[in-house]
Amino acid sequence: MMEKLVLIDGHSILNRAFYGVPDLTNSSGLHTNAIYGFLNILFKILEEEKPDYLTVAFDVHAPTFRHEIYKEYKGTRKPMPEELREQVPVMKEVLSAMGIATVEKTGLEADDILGTLAKKSEKQGMAVSLVSGDRDLLQIATDGIKVRIPKTKGGKTEIEDYYTSDVVARYQVTPTEFIDLKALMGDTADNIPGVPKVGEKTATELIRTYHSVENLYDHIDEITKKAVKESLINNRKLADLSKDLATIRTDSDVELDKDKARIHNFYTEDAYKILKKLEFKNLLSRFEKRVSHDEITEKFHTVTDLAEAENLFEKAGKEEATGLYLLLDEKRSLLAVCLSFPDGETFFCRREGFLTEDYLADKLRKLSETGKIVCANIKEYYDFLQTDNTDHYFDIILAAYLLNPLKNDYTIQDVANEHLGLMLQEKTEMFGKKSLSAAYAEMEEEVISYISFLVYACVKAAPVLKKKLEETGMDRLMKEIEMPLTCVLYDMEKEGIRVNPEKLKAYGDTLAGRIKELEQEIYRKAGCEFNINSPKQLGEILFERMKLPGGKKTKTGYSTAADVLEKLSGEAPVVADILEYRGLTKLKSTYADGLAVYIGEEDRIHSTFNQTITATGRISSTEPNLQNIPMRMELGRQIRKVFIPRDGYLFTDADYSQIELRVLAHMSGDKQLIEAYRTDADIHRITASKVFHTPFEEVTDLQRRNAKAVNFGIVYGISSFGLSQDLSISRKEATEYIEQYFATYPGIKAFLDGAVAHAKENGYVTTMYGRRRPVPELSSSNFMQRSFGERVAMNSPIQGTAADIIKIAMIRVHQRLKDEKLSSKLILQVHDELLIETKEEEKDKVREILEEEMKGAAKLAVELEIDLHTGYDWYEAK
DNA sequence: GTGTTCACG
DNA sequence: ACGTACGTGAACACG
C-alpha cells in the first residue's frame, strides 16, 4: 500500500480560516477564529485522507509574504491584521501540543518548503496531498501530488482538489505552464508584476500556444496583436523576473522528517488543555469522546464457524441491545450479517460454508423476535425481520431525523460524528462509487472493517439518541409513531399498486397525437422551429422575436411560468397553444412514459415511501412519486383510470376533510372556528359569511372562493402578498381580508403569533405530538429569510400535526386489517388520503375500519371527518 | 449539478 | 426597497 503524506501551508490556511470564520474570542479576549477554522480544516483533511504522515510548513518571520525581498513590488498587500497576528504563535503551540510536525527554515518560503517536500516525497513513491489556500501551489500538482484548496462557503468548508488534469481542466494549462501563465499575467496579491497589457485571457492564449515564456520569446515574431507584441518585447526583463518570482523552488535544502511527521494520536492531554483555554467546546467534546480507531478495531471479529455463529446469535438474543447491519447484494440476498454489542464487541458473519443464507436468515428472524435490534434504515431489512412489533427495534436514522429534520440526508457516519464525536470513513472515500457488495468481492478486509465501524456506531449511538429524544419530548413520537410506521410503509411498498399497461400506453399515445399537432401549430404561429421545452429559447421567441410584453423575472432570463403566460394569452394566440403543449408534455413525460418504466411483476408499481425527507413530518414518495398523480385538471385526472385493483378487489379511498384547518381549530382553541365546525361542514361558506358580514345563505360564490383562499393562506403562514397573488387582488384588499379574518377568529391570530414568538424564543416549533421543526431562518438579518421563518413557524405545527395524525391512522388501519385477518391492504398514502385495495367481500368492513381509525386517530376539539369513495379504478374511487 | 417548471396535498 | 405564500419529486435544459 502506498504511503500517504499530507502537507499543509500553515500561514495560508490560517489566513483562509481567519477570513472565512466569523470572529471568535475567548473570555480573555484572544481572537481564536483562525485557529478554530484551521483545526476544522485539519480534522476534515485527516478524516478524509487518513494519511501516514503530516507536516505543516510556516514562513519563518510571520508575516513574511512571498518575495517580499523584492521591495520595488511591495506595498500592494495589506499588513496582517493584529487579530490574526496574535493567533499565529498560539496555532503553533496547538500543533506542537498535538505532536504535529512543523517546518520552517530561515530564508525559505513556506511555498518552497512545501514544493520541495512534495516533489521529494513523490519521488520516494508517496502519495502527496498539499493543502493550501493559495492557488500558486497549483504548479506543484502532478498525478501523484494532489493540491487541495479549501473554500469556506456559508459556514461549510469544501475542498477543491487538483491533480494535473484538474489544473488543465480549470486553467487550460498544465501545472508547469501555470508558472509561465503567472509570469505573463502577474499577480498583484503576490507582488508579481507580469507583463503590462497581458491579462488572464491573453496569457492563457499565449501559453496554450507556446507553453513557456522562453519559447514565446523565441517565436515573438508570430504574435499578431501589435500592442501585446510591443509590450512583450519591451518587458522581457519583467517577464523573466516574474517567472522567477512565480516559480516555487522544489530543490530547497529541506527534508521530510518521517519520524516526526508520522501520524499518531493527536488527542493529547496538552492539546486538550490548550483547546480548553481557547474555549473550543465543540472540538473539546471530540477529544473527550474520542476513542482511537485502533482501540475499537481490537474488538472486531470475523465469524466463519458454525459453533461461533451459534454462540453469537445466542448471545445477541440476551443482550441489552444488538447493533445490526446486513450486507445485501443487488438481488437483495444476504452476503453477511454484522452484529455489535453495547460493550463494543463486534462480529462480522460472512455467508460461507455452513453459514448459508438460509441459516443466517433463520437466525436473524429468530433474533428479531426476541432480541433488541438497533440499526439504520430498518425498513430496508424487513425482508429478514419480523414486523409484528417494533417495540424492541430502534432505528438511529429515524431518531436523528426527529432530532433534526432539516438535513438533506442521514448517514450513520453523520450520526456517529454528531452524537458520539466519533469520526468514521465515508463510503466514497474508501470504495468510490462502487456498491458495497461489489467492493466486498474485491477488498473484503476493508469492507468488513468499514461495516464493523458502522454497526459499532449504531449500537453506541442508540442510548445517546434515546436520551436526546427523551430530553426533547420526542421519545413517544419515536416509539409510538415513527417506529411502528416503518412496518406499514414496508408493507405498502411491497404490495405496490396495479396499473393497466395497455391503458397507460393508449393514454400516452393520445397525448402524443395532440402534442404533435400543437407543435406544428406553435412553429407556424411563431414563424420558426425551436425547442418549446426550453424556457430560454421560449423566452427569446416570445419576448424578443414576438416582442410580447413582460420583462425579466428569473436570474437566468425571462420567466415563462404558466401564470406569466396566462396574462399574455390575450396578446398572442400562440401562448394558449404553448400552455396546452406544456400541460400535455408534462403529462406524457412524467406520467404516461414516466410511470411505465416502473411497472413490475403482476403489472404492479412499487413506490418507495421516505420517512426522513420532509421538514414537517410528512412522508414523501419516490421512484415513482405516487403522491402527485394529476387530480385538479380533468385530462390529467384521467390517468387515475390506469390505476386499478387486483381481480376480485376494488379501491376504497378515504381522505380527511380539511384536516389542517381542523387541526388549527383545535390547536388554537379558537371558539368561533370550533363552533363553526360544530354547526356545519361548509367551513369556507361560514368563514365567508362571518368575514364579509353576509348572511350564510347569501354568500356569493366569489365570497366563498375568497374565504377559502384565506383559509388556505392561514395554514401556509399568511402574508398579504401571497394572498393578493393567489386571488389576483391588490395587497391592500388582501390585508383587509386578513384583518377581517383575524377579527372573526381572534384565537387564530393569538395562536399564530404565539407560534412565531415561541420559535423566536426557542428556535423551533412543535406539533401536538411533540415533533420539532427548527426555524433557524428566524434569526436571519435578511428580511426575506426572516419572513420565511415566520411563515414556517405558523405552518409547521399545523402541517406537522396533520402528518402525525394520518401516520397514527395508518398504523391503526394497518393493524386492524391484520388483526381481523383481512386480505385488503393499505397501499397508498397521499398526505390526507389513504387508499385501500379492498377485497369485494370486505368492502363494508374496510369502510368501517377506515371510518373508525381515521376519525379516531386523534381526539380534537372538532370532529375529524373523512370522505370515502369506492371504485374499480383510482379515478372512480376519488 | 443547478434552475425552471409543474404535478400533488 | 426588499420579493414570498407551506410541504414535496420528476423532467428537462443548460453550463
Side-chain angles (χ1 to χ4, degrees), chain A residues 405-406 530-539 553-565 578-579 581-595 597-598 607-610 613-633 635-637 639-640 655-661 664 709-727 731 734 738 752 765 773 775 777 781-800 802-803 806 828-834 878:
Chain A
L406 299 186
F530 63 102
N531 185 348
I532 309 168
N533 280 321
S534 162
K536 191 169 165 249
Q537 293 183 34
L538 181 60
K553 235 194 92 180
T554 64
K555 289 171 221 167
T556 48
Y558 303 106
S559 169
T560 64
D563 57 335
V564 176
L565 295 192
I578 291 168
L579 283 168
Y581 175 88
R582 275 255 182 91
L584 296 186
T585 49
K586 172 91 179 177
L587 289 176
K588 181 152 193 323
S589 66
T590 306
Y591 300 105
D593 302 344
L595 286 175
V597 305
Y598 291 102
S607 175
T608 303
F609 294 99
N610 309 293
I613 300 290
T614 70
T616 53
R618 276 187 176 181
I619 290 165
S620 91
S621 157
T622 49
E623 294 184 299
N625 181 356
L626 293 182
Q627 290 180 322
N628 72 345
I629 302 300
M631 173 75 191
R632 293 169 191 166
M633 304 292 291
L635 180 64
R637 193 174 184 160
I639 203 169
R640 292 183 174 233
D655 67 284
Y656 280 114
S657 161
Q658 298 142 2
I659 187 168
E660 292 181 341
L661 218 45
L664 176 61
V710 181
N711 275 329
F712 266 97
I714 293 289
V715 169
Y716 290 157
I718 194 112
S719 76
S720 57
F721 185 89
L723 184 65
S724 69
Q725 282 282 300
D726 190 50
L727 288 177
R731 254 179 100 164
I738 295 167
L752 296 178
V765 287
R773 157 134 193 208
V775 196
E777 297 88 351
S781 56
N782 178 310
F783 172 81
M784 258 286 300
Q785 291 263 303
R786 217 168 41 244
S787 305
F788 175 71
E790 287 168 6
R791 294 195 293 273
V792 161
M794 295 189 256
N795 167 268
S796 293
I798 305 169
Q799 188 182 126
I806 194 150
L828 269 188
Q829 185 254 42
V830 193
H831 309 308
D832 68 348
E833 167 191 2
L834 299 180
K878 184 69 189 150

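Side chains included, hydrogens not; waters and symmetry mates left out as well; all remaining heavy atoms used. Residue numbering restarts at 1 for every chain, and letters A, B, ... go by the order of the sequence lines. What you are looking at is a predicted structure, and each value in this text was computed from that prediction instead of being measured.
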Does [N] have OP1 or OP2 sitting under 4.0 Å from an N or O in the side chain of [X]?
X	N	result
S620(A)	dG9(C)	yes
S534(A)	dC14(C)	yes
R773(A)	dC6(C)	no
R791(A)	dA5(C)	no

Review point. With I714(A), which of L661(A), L752(A), I798(A), L723(A) fulfils side chain to side chain contact (heavy atoms under 4.5 Å, CB included)?
Key: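 Among L661(A), L752(A), I798(A), L723(A), the one that satisfies the side chain to side chain contact (heavy atoms under 4.5 Å, CB included) with I714(A) is L752(A).
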
Revision key, fill the gap. dist F788(A):CZ -> N795(A):CG (nearest 0.5 Å) comes out at 9.0 Å

Describe the nucleic acid contact of [X] in one word from base, sugar-phosphate, nothing, applying a heavy-atom distance below 4.0 Å.
X	answer
L723(A)	base
S787(A)	nothing
A615(A)	sugar-phosphate
A793(A)	nothing
N531(A)	sugar-phosphate
S621(A)	sugar-phosphate

Check your understanding: Got a sec, which pairs hit salt bridge (Lys or Arg N to Asp or Glu O under 4.0 Å) with one end in residues 615-625 of chain A, sequence neighbours left out?
Key -> R618(A)-E660(A)

Between [N] ([atom2]) and [X] ([atom1]): distance, integer Å:
X	N	atom1	atom2	answer
L661(A)	dC6(C)	CG	P	18 Å
F712(A)	dG7(C)	CZ	P	16 Å
E623(A)	dG9(C)	CD	P	11 Å
R731(A)	dC2(C)	CZ	C1'	10 Å
R786(A)	dA1(C)	CZ	C1'	14 Å
N610(A)	dG7(C)	CG	C1'	14 Å
Q829(A)	dG7(C)	CD	P	17 Å

Exercise for review: I would like to know whether N533(A) and Y581(A) meet side chain to side chain contact (heavy atoms under 4.5 Å, CB included); could you show each step before the answer?
Suggested key: CA-CA 9 Å; N533(A) 280 321; Y581(A) 175 88; 3.7 Å; yes

Exercise for review: Look at atom CZ of F609(A) and say whether more than 12 heavy atoms of other residues, nucleotides or ligands are closer to it than 6.0 Å.
Suggested key: yes

Revision key, fill the gap. With B for base contact, S for sugar-phosphate-only contact and - for none (protein heavy atoms under 4.0 Å), nucleotides 4-9 of chain B reads SSBBBB

Exercise for review: Provide the distance between the two C1' atoms, one in dC6(B) and one in dC2(C), to the nearest whole Å.
Suggested key: 27 Å

Exercise for review: Using the P atom on both, measure dG3(C) against dG3(B) and round to a whole Å.
Suggested key: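 Rounded to whole Å, the distance is 16 Å.
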
Practice item. Compare every heavy atom of I613(A) with every heavy atom of S620(A), then report the nearest pair and how far apart it is. Key: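 Looking at all heavy atoms of both residues, the closest pair is OG-CG1, 3.6 Å.
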
**Study point:** Closest contact, heavy atoms only, A734(A) versus S720(A)
**Key:** CB-O, 3.4 Å

Check your understanding: Counting side-chain heavy atoms from CB outward, which of dC12(C), dG7(C), dA5(C) is closest to N533(A)?
Key ->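 My answer, after comparing the listed nucleotides, is dC12(C).
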
Does [X] use its side chain to pair, donor to acceptor, with the backbone of [Y] at less than 3.5 Å?
X	Y	value
R640(A)	P630(A)	yes
E777(A)	S787(A)	no
S621(A)	L626(A)	yes
S796(A)	T616(A)	no

Revision key, fill the gap. Of G717(A) and Y598(A), the one whose closest nucleotide on DNA chain C sits nearer the 5' end is G717(A)

Review point. For DNA chain C, which consecutive runs of 3 or more Watson-Crick or G-U pairs (each distance under 3.5 Å) count as stems?
Key: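 DNA chain C forms these stems: B:1-9 with C:6-14.
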
Check your understanding: Going by ring centres under 5.5 Å and near-parallel planes (under 30°), is F788(A) stacked on dT4(C)?
Key ->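 No, the aromatic ring of F788(A) does not stack with the base.
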
